[in-house]
Amino acid sequence: MMKLFDFALAPSPKRVRMILVEKGLDIPIEQVDLSKKAQFEEPFKSINPRCTVPALQLDSGEVLCDSQSITRYLEEVYPEPPMLGSTPLEKALVVEWITRVEQEGFMATAEAFRNSVKGMKGSAITGPVSYEQIPELAERGRARVKDFFGVLNERLAEHAFLAGENFSAADVAAFVFVEFSGWIKLQPDEGLTHLLAWRDAVAARPSATA
Ligand SMILES: N[C@@H](CCC(=O)N[C@@H](CS)C(=O)NCC(=O)O)C(=O)O
């Protein structure tokens, strides 16, 4: 049986937990306590030398170390309901929006968080190599998050969901990003009505609290 390495409080593994709920899958989950730096200790650091969660260990022993590769694998093995699009266009747009949410949403939030919080000194980038904080990046990250809220709002003015008319892993990623932005005390303001209506719709899904 495959096993998911998770940390309940962290955003990236929540993306995978939401996909599991959407697909009705129940697999063993093991917590890696990031607050105790367990990601840098054995046995986990040998399982995922990148020292991040989520990681999915397959029956073969093979390990997938990124929420995107894990989502792709789950989609191939358990295609229903589709989370990565159904038509050629939808599949392409899911990739495009996941990439944008990761680069413009998650990275910007992580930049703001990891370059400003005292406990993250020497940990400005995830992984086994130590990188020092650059305070200017925190400021820039906050500006980028606000800008990206606007991008999402514009997209959701045109479409019910990011890749079109169907809920997908791109919405999962964006929903978790909006939650994550609360860590740097930013949230979409009232004027972003399309983004807020979409957020309420996603929040009503059982997977939202995964
Ligand atoms: N793009 C990766 C990012 C994974 C990632 O950065 N995970 C964070 C938790 S959200 C982590 O493991 N951090 C470990 C650390 O801060 O040392 C994914 O989505 O799988």
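Both ligands and their constituent atoms are indexed starting at 1 by order of listing. Numbers here simply count residues along the sequence, with the first being 1.
- In terms of polar-atom proximity, defined here as any N/O pair under 3.5 Å, Ser67 does make such a contact with ligand 1.
- Against a heavy-atom cut-off of under 4.0 Å, Phe40 is close to the following atoms of ligand 1: 17 (O).
- A donor-acceptor distance shorter than 3.5 angstrom exists from the side chain of Glu90 to the backbone of Ser86, with no hydrogens or angles considered.
- The pair Lys91-Glu75 does not meet the salt-bridge criterion, since no charged nitrogen lies less than 4.0 angstrom from a carboxylate oxygen.
- Proximity of Arg15 to ligand 1, defined as any heavy-atom pair under 4.0 Å, is confined to the side chain (atoms from C-beta onward).
- Nearest to atom 4 (C) of ligand 1 by heavy-atom distance, out of Val53, Thr126, Leu64, Leu56, is Val53.
- A salt bridge links Glu22 with Arg205: the distance from a Lys NZ or Arg NE/NH1/NH2 to an Asp or Glu carboxylate oxygen falls below 4.0 Å.
- Panel note: side chain Gln31, backbone Ala8; a donor-acceptor pair is recorded below 3.5 Å.
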Handout entry: Evaluation steps, side chain to side chain contact (heavy atoms under 4.5 Å, CB included), between Arg114 and Thr126
Key = CA-CA 9 Å; Arg114 302 185 80 99; Thr126 57; 3.4 Å; yes
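- Distances between N or O atoms of Arg50 and those of ligand 1 include no value under 3.5 Å.
- Looking at Ser181, its side chain does come within 3.5 Å of a backbone N or O of Leu186 through a donor-acceptor pair.
- Distances below 4.0 Å separate heavy atoms of Ala10 from the following atoms of ligand 1: 9 (C), 10 (S).
- Using a 4.0 Å cut-off between heavy atoms, Phe106 makes no contact with ligand 1 at all.
- A donor-acceptor pair is defined here as one N or O able to donate and one able to accept, closer than 3.5 Å; no such pair exists between the side chain of Asn115 and the backbone of Ala124.
- Within the listing of ligand 1, atoms 20 (O) sit less than 4.0 angstrom from a heavy atom of Pro54.
- Contact annotation for Lys37 and ligand 1: no heavy atom of the residue comes within less than 4.0 Å of the ligand.
- Contacts between Arg114 and ligand 1 below 4.0 angstrom, taking non-hydrogen atoms only, involve the side chain exclusively.
- Here the protein heavy atom with the shortest distance to atom 1 (N) of ligand 1 is Asp66 OD1, 3.1 Å.
- Counting only heavy atoms of the protein, atom 14 (C) of ligand 1 lies nearest to Gln39 NE2, 3.6 Å.
- For atom 3 (C) of ligand 1, the closest non-hydrogen atom on the protein side is Ser12 OG, 3.6 Å.
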Handout entry: Residue pair Leu162, Arg155: steps toward the side chain to side chain contact (heavy atoms under 4.5 Å, CB included) verdict
Key = CA-CA 7 Å; Leu162 285 175; Arg155 175 71 182 168; 3.7 Å; yes
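- Ser116 and Ala138 get closest at one heavy-atom pair: CB-CB, 3.9 Å.
- Contacts of Cys51 with ligand 1, taken as heavy-atom pairs under 4.0 Å, involve the backbone alone.
- The backbone N or O of Gly122 lies less than 3.5 Å from a partner atom in the side chain of Ser130, making a donor-acceptor pair.
- Using a 4.0 Å cut-off to heavy atoms of Pro11, the atoms of ligand 1 that qualify are 10 (S).
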